Structures are given as C-alpha cells and as structure tokens.
Peer 1: 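Here's a structure for you.
Quick note on labels: first sequence line is chain A, next is B, and so on, each numbered from 1. Because the structure is predicted, anything quoted here is derived from the model rather than measured.
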Number of protein chains: 2
Amino acid sequence: MQDHELKFKDYLATKGLKLTSPRKHILDAVFDLHEHFNAEELYNRVKSITSDVSIATIYRTIPLLVDAGLVQQALRSSGRDRYEHIYGHPKHIHWLCKACGAIVETDLNTLMGAVREQASLMGFRVQETEISIMGLCWKCIDNEKQI
Amino acid sequence: MQDHELKFKDYLATKGLKLTSPRKHILDAVFDLHEHFNAEELYNRVKSITSDVSIATIYRTIPLLVDAGLVQQALRSSGRDRYEHIYGHPKHIHWLCKACGAIVETDLNTLMGAVREQASLMGFRVQETEISIMGLCWKCIDNEKQI
DNA sequence: CCTTATATTGAGAATCAGTTGCAAACTTAT
DNA sequence: ATAAGTTTGCAACTGATTCTCAATATAAGG
C-alpha cells in the first residue's frame, strides 16, 4: 500500500469511515495529477481509469482528503475551486508573473520559522499555508527594458 | 477627488470606459468597508446610500476594480468569493480558522524581509503578496479540548 | 444644441459549480 | 446470517454568478 493510501486509511479510521474502492481511485488520481486541479479535472482523470465513480463522490471525497492533510485548497480560478496534493511535498511559495502567467514554485522553509513563531504567539494551530507572490518575472522585466 | 477614485478613473480611461455614478458609489462603498466583503455585503452597503445600483452592476464592477489594482480577491469562504480593497494598505497575513470561519489579519513585516531576499535572488519584482494560513484559532482549540 | 456611435444599466432569465435526499448496495462486527 | 451503520449513484436542488436585452446615458464632432 502506498504511503498516502495508508495515511488516508488511518485518517478515515479515526472517523469511523472506510477506504472504499471509489475513494481509492480518487486518491490515486489525485496523486497522478501533478498540477493543480479542480473537481471536474479530477473526475475526468478518475473516469479514464474506471467508470466506477460519480462526480458526487468526487465532491464528497475532496473535503475528506483536505481534512486528512493530503490535499489543500489552492487559489480559486475561473469560478472553480482548485486543489493540489501536498502529502510528501514540502510547502512552497507560488510566484505568479502577471505579464506572462508563469508560475514558479519555491521552497517555503525560510518563511515557515517566522510563520510558526507568530502562530504560537496567537495560539493558532497551523494546518495549511498558501503563499502567493504576484509580480514580474526576470524574463518579463527584461522585455520591458527593451521596449 | 479621492486618490483611489482618480486611480480608478485613469484605469477606466485606458480601457475606453467611464466613471459613472454607479461605479463611483460602488468604489466609495468598497473603501468604506474595512473588512473583507463579498458581493452581497458590498451591495447592501451601496444600497444603504443609494438605490441607484443593481446587484448585476456590483458583479460587473468588481472585476474592473481588481484589474485596476484597487481590490484583490481574498480567501473564498462559505461558497462565496470574497474581496478586500488594497490600495494604500500595508500588506498583511490572513489567518483563517477552519472551524469557526474567523479571519484575523496581522502584519506582514516580519515575513517580507525573507520574501524580498528570495525575490532578489530570482530576479522577481514583487507587486502583490497573498499569504494565508489556515488552521484552528485558540477559541476553537479550547472548545475541542472540552469535548 | 443635435446626431451618432458607443458604453452602461437594471431586471430577470439562464447557467453552472457544488450540495443534498434517498433508496439500494456494501461493510464490518457480532 | 443478521443487524447497524456507511457509502454510493442518481437526480433534484440551491444559490452565487453571469448573461441577455431593451432602454438609457455619455462623449465627441459637427
């Protein structure tokens, strides 16, 4: 059994829930998708493997995955909620270039210390972080200079 | 004319659009609201001043304000898109409690140093930052213990 | 002050992501 | 095998957001 499957099963057990076949398929699809995804994209991915799962179950399973700490909500886009899997992934920062739309991800370690410090001052228990920096990437800054 | 009104007018001009009375009222309401707001809350605020504006216009105007750099999308909550005005505001962090939905804002200064350092390494020019931490606030941690 | 071309609006209809009720099917423990 | 509880697909539903459209307003040029 894969690592994340085990973690999901453990989580479900604590809630008296079961790791059923649809849930297993959804979980696998989530970890096949390496980009951010929305409910429909996830559904299509699952469908390409099995016809065993309905879109309602997708919507019902996503919150479980989030609560289990396997998936986190990402920035909403074009009117749809988006997610990304995070288990085994170091936290990261999204650098979004407003000119060319490129998204680069970098490590979050340097910032996490400061985040945790402030959290403990506030008595806040951190579950997820979402850090997005918007601006111009070096490529687009170069282009700008040439104009 | 207020600073942000001028900025909005300039933006509209570049798009061949006009600063009409409904748009002016919406803009004013946005800068009256000091908290995050969703479309309906903004509508109610505008209505308390004038009956001159419909909800459709609210929905049409928000993307203009975002594109003009006066408003930015905040964390979605209970199925509704949320926004906040940003013009002239210091950057901040959002702490969102997943249990009770409370949103607290704190200063970003401590983290900005680290962000800027990494940005300069990458040659990235920072324009906006959106830092959201999700988890449990002290109140809900307390409640949890009592159960 | 007219005319014309264009932008804007409110009202309500339409859409669409996401949620929910329900009855059948499954799981697990006894 | 049975009982108690969980899960699922389906279809109906909900409610936020978007769209359509006819009427109104605006700005520019005569």
Peer 1: Does B:Gln118 use its side chain to pair, donor to acceptor, with the backbone of B:Val115 at less than 3.5 Å?
Peer 2: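 Looks like no, no N/O pair under 3.5 Å.
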Peer 1: Aromatic ring centroids of B:His94 and B:His36 under 6.0 Å?
Peer 2: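 Judged by ring-centre distance (under 6.0 Å), B:His94 and B:His36 do meet the cut-off.
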Peer 1: Base, sugar-phosphate, or nothing: which does B:Ile55 touch, judged by heavy atoms less than 4.0 Å apart?
Peer 2: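 Result for B:Ile55 = nothing.
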Peer 1: So, applying side chain to side chain contact (heavy atoms under 4.5 Å, CB included) with B:Val30, which one of B:Leu42, B:Leu70, B:Ile62 is it?
Peer 2: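 Single side chain to side chain contact (heavy atoms under 4.5 Å, CB included) partner of B:Val30 among B:Leu42, B:Leu70, B:Ile62: B:Leu42.
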Peer 1: Output the single nucleotide from C:dT9, C:dG18, D:dT8 whose closest atom is nearest the side chain of B:Thr57.
Peer 2: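 The answer is C:dT9.
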Peer 1: Each nucleotide in nucleotides 19-30 of chain D should get exactly one letter: B, S or -. Can you fill that in based on protein heavy atoms under 4.0 Å?
Peer 2: BB-----BS---
Peer 1: For A:Asp52 and D:dC10, what is the distance between atoms CG and P respectively, to the nearest whole Å?
Peer 2: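 Value for this atom pair: 10 Å.
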Peer 1: In whole angstrom, give the distance that lies between atom NZ of B:Lys47 and atom C1' of C:dG10.
Peer 2: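 B:Lys47 atom NZ is separated from C:dG10 atom C1' by 14 Å.
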Peer 1: Taking 4.0 angstrom as the limit, do B:Glu40 and B:Arg80 come out as a salt bridge?
Peer 2: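 Salt bridge flag = yes for B:Arg80 with B:Glu40.
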Peer 1: Any side-chain donor paired with an acceptor under 3.5 Å for B:Asn38 and B:Tyr83?
Peer 2: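 Side chains of B:Asn38 and B:Tyr83: no pair found under 3.5 Å.
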Peer 1: Separation of B:Asn38 atom CG from D:dA16 atom C1', in whole Å?
Peer 2: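 In whole Å, D:dA16 C1' lies 10 Å from B:Asn38 CG.
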Peer 1: Whole angstroms only, please: what is the CG-C1' distance between A:Leu12 and C:dT27?
Peer 2: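 My rounded result for the distance is 14 Å.
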Peer 1: Output yes when a side-chain donor or acceptor of A:His85 lies under 3.5 Å from a complementary backbone atom of A:Leu33, and no otherwise.
Peer 2: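 Here the side-chain-to-backbone pair exists.
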Peer 1: What's the CG-C1' distance between B:Leu19 and C:dT9, to the nearest Å?
Peer 2: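 Spelled out: CG on B:Leu19 to C1' on C:dT9 is 15 Å.
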Peer 1: Given A:Asp52 and A:Ser21, is the side chain to side chain contact (heavy atoms under 4.5 Å, CB included) satisfied, shown in steps?
Peer 2: CA-CA 8 Å; A:Asp52 190 21; A:Ser21 146; 3.1 Å; yes
Peer 1: State whether B:Arg80 places a side-chain N or O below 4.0 Å from either non-bridging phosphate oxygen (OP1 or OP2) of D:dG15.
Peer 2: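 B:Arg80 to D:dG15 OP1/OP2: no side-chain N or O under 4.0 Å.
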Peer 1: At 4.0 Å (heavy atoms only), tell me whether A:Asp81 reaches a base, stays on the sugar-phosphate, or touches nothing.
Peer 2: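 A:Asp81: backbone/sugar contact only, no base atoms under 4.0 Å.
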Peer 1: Please report the distance, rounded to the nearest Å, between OH in B:Tyr59 and P in C:dG12.
Peer 2: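 Going from OH in B:Tyr59 over to P in C:dG12 covers 17 Å.
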Peer 1: Specify the separation, in whole Å, of atom CD1 of B:Ile58 and atom C1' of C:dG12.
Peer 2: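 Nearest whole value for this atom pair: 17 Å.
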Peer 1: Whole-Å distance between C:dC26 P and A:Arg23 CZ?
Peer 2: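 Rounded to whole Å, this separation is 15 Å.
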